[in-house]
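Bear in mind that the values here come from a model prediction, so they are computed numbers and not experimental data. Each chain gets a letter, A, B and so on, in the order the sequences are listed, and its residues count up from 1.
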Amino acid sequence: MAELAPGAFHFPSFLDAAAQRALAEEIAEVIAAAPLYVSTMPKTGAPMSVRMTNCGALGWISDKERGYRYEPRHPKTGQPWPSIPRRLLDIWNELARYPKPPEACLVNVYDETARMGLHQDKDEADFEAPILSLSLGADCRFKLGGTRRGDCAKAFALSSGDALVLSGPARMRYHGVDRILPTINTPLPPTLATLGVRVNLTLRRVT
DNA sequence: TAGTAACA
DNA sequence: TAGT
């Protein structure tokens, strides 16, 4: 475990190969029930390059008309989100050390060209609870900035099986994905490999 | 290529 | 401004 900044913890290879594979299969089931969709930017409607879905009581979505928000139902199917797999709740209990369970698990699927601009997670009502992120598949160049957009950002790789926790003073740090790295050390299982090369799971407390 | 600005 |  490395503390990148006060409250920001990187756990390289937190999940072993078997745990990664088992988690990936569960995420494939989530996607089967709640198909991937593309969120669009508030006001402009510009599409994000990442495709996403959610599990949990609430899911993060965005569209041109109503912007960033959490919703209890899938924007296309109108169905409630699938529940969060127990395996993920166990990881939350181990790493987040927060008394309440996560309400949202955002599933972001990246292809080779997908990126995620520097942003803060600030659509939640609860900024006390940590953000827990898990990576599967291709490595990415991840950037962790400060709490102001202009603060200098440190770049490092996130690999399959890595966990990242943003808690306490690091909870509101800007972060994003510069690019997907070309060499894939740990490919996603076939069911997910048809959809992209990297999957990121972000567990959050919302209310 | 990191950082900024302008834009819609 | 989780976009270009």
Side-chain angles (χ1 to χ4, degrees), chain A residues 4-5 7-8 10 27 30-31 34-56 58-76 81 102-127 129-158 162-167 170-183 195-207:
Chain A
L4 307 167
H10 182 200
I27 295 308
V30 167
I31 294 172
L36 297 175
Y37 58 89
V38 175
S39 279
T40 57
M41 299 295 291
K43 301 197 168 76
T44 67
M48 296 181 63
S49 55
V50 169
R51 296 197 297 156
M52 57 185 65
T53 189
N54 293 267
C55 50
L58 294 168
W60 188 88
I61 67 173
S62 174
D63 56 35
K64 182 178 181 178
E65 293 73 24
R66 298 185 56 198
Y68 308 151
R69 64 197 188 276
Y70 285 91
E71 293 282 357
R73 289 170 181 274
H74 192 287
K76 303 293 183 209
W81 305 104
E103 294 168 293
C105 173
L106 176 61
V107 179
N108 281 327
V109 178
Y110 294 74
D111 67 19
E112 296 88 339
T113 62
R115 294 173 297 155
M116 176 74 75
L118 214 57
H119 69 279
Q120 290 174 303
D121 290 5
K122 57 181 178 185
D123 303 312
E124 303 76 29
D126 182 355
F127 293 155
I131 303 285
L132 169 60
S133 152
L134 296 165
S135 295
L136 294 172
D139 294 6
C140 73
R141 182 179 155 97
F142 187 83
K143 198 167 271 196
L144 180 63
T147 53
R148 296 168 304 184
R149 185 175 280 278
D151 294 345
C152 88
K154 292 173 186 173
F156 55 96
L158 282 181
D162 289 9
L164 184 74
V165 175
L166 296 182
S167 62
R171 169 64 178 75
M172 300 307 282
R173 278 182 181 258
Y174 277 87
H175 55 279
V177 173
D178 261 16
R179 62 188 177 90
I180 299 298
L181 297 174
T183 306
L195 304 173
V197 297
R198 174 174 190 263
V199 172
N200 180 256
L201 309 174
T202 311
L203 291 123
R204 305 187 178 101
R205 188 79 202 165
V206 177
T207 63

Given the rule that a pair is Watson-Crick or G-U wobble with both distances under 3.5 Å, how would you write DNA chain C in dot-bracket, using | for pairs to a different strand? |.||
Using the 3.5 Å cut-off, write out each protein N or O paired with an N or O of nucleotides 6-8 of chain B and the distance between them.
none

Can you name the ring pair (Phe, Tyr, Trp, His ring centres under 6.0 Å) partners of Y174(A), sequence neighbours left out? none
Hey, does R204(A) reach any base, or is it just sugar-phosphate, or nothing, if we go heavy atoms under 4.0 Å? base
What pairs with E112(A) under salt bridge (Lys or Arg N to Asp or Glu O under 4.0 Å), at least two apart in sequence or on another chain? none
Under the rule for side-chain hydrogen bond (donor to acceptor under 3.5 Å, both in side chains), what residues qualify as partners of S49(A), not counting sequence neighbours? none
Which nucleotide sits closest to the side chain of R115(A): dA2(B), dT1(C), dT4(C)? dT4(C)
Check every atom of dA2(B), dT1(C), dG3(B) against the side chain of C152(A) and return the nucleotide holding the closest atom. dG3(B)
Any salt bridge (charged side-chain N to carboxylate O under 4.0 Å, His left out) pairs touching residues 144-157 of chain A, not counting sequence neighbours? R148(A)-D151(A)
Integer-rounded Å distance: dT4(C) P and H119(A) NE2: 14 Å
Who pairs with S135(A) by side-chain hydrogen bond (donor to acceptor under 3.5 Å, both in side chains), at least two apart in sequence or on another chain? R198(A)
Testing dT1(C), dA2(B), dG3(C) for proximity to the side chain of R141(A), the answer is dA2(B)
Atom CE of M48(A) and atom P of dT1(C) are separated, to the nearest Å, by 14 Å
Could you tell me whether N108(A) contacts a base, only the sugar-phosphate backbone, or nothing, with contacts defined as non-hydrogen atoms closer than 4.0 Å? nothing
Taking only the side-chain heavy atoms of K143(A) (C-beta and beyond), determine which of dG3(B), dT1(C), dG3(C) contains the nearest atom. dG3(B)
Using the ring pair (Phe, Tyr, Trp, His ring centres under 6.0 Å) criterion, which residues pair with H10(A)? Sequence neighbours excluded. F156(A)
Value in whole Å for how far the P atom of dT4(C) lies from CZ of R179(A): 16 Å
Using residues 40-47 of chain A as the side-chain source, report each donor-acceptor pair under 3.5 Å to any protein atom, sequence neighbours left out, with the distance given to one decimal.
from   : atom 1 : to     : atom 2 : distance (Å)
T40(A) : OG1    : K64(A) : N      : 3.2
T44(A) : OG1    : A46(A) : N      : 3.1

Taking NZ, NE, NH1 and NH2 as the nitrogens, is one of them in R171(A) or D121(A) under 4.0 Å from a carboxylate oxygen of the other? no
How many Å lie between CE on M116(A) and P on dG3(C), as a whole number? 7 Å
Which whole-number value in Å describes the distance from L118(A) CG to dG3(C) P? 9 Å
Please give, in whole Å, the distance from dT4(C) C1' to M41(A) CE? 10 Å
Any chance you could measure D63(A), atom CG, to R69(A), atom CZ, to the nearest 0.5 Å? 4.0 Å
Can you check the K154(A) NZ to dT1(B) C1' distance for me, whole Å? 20 Å
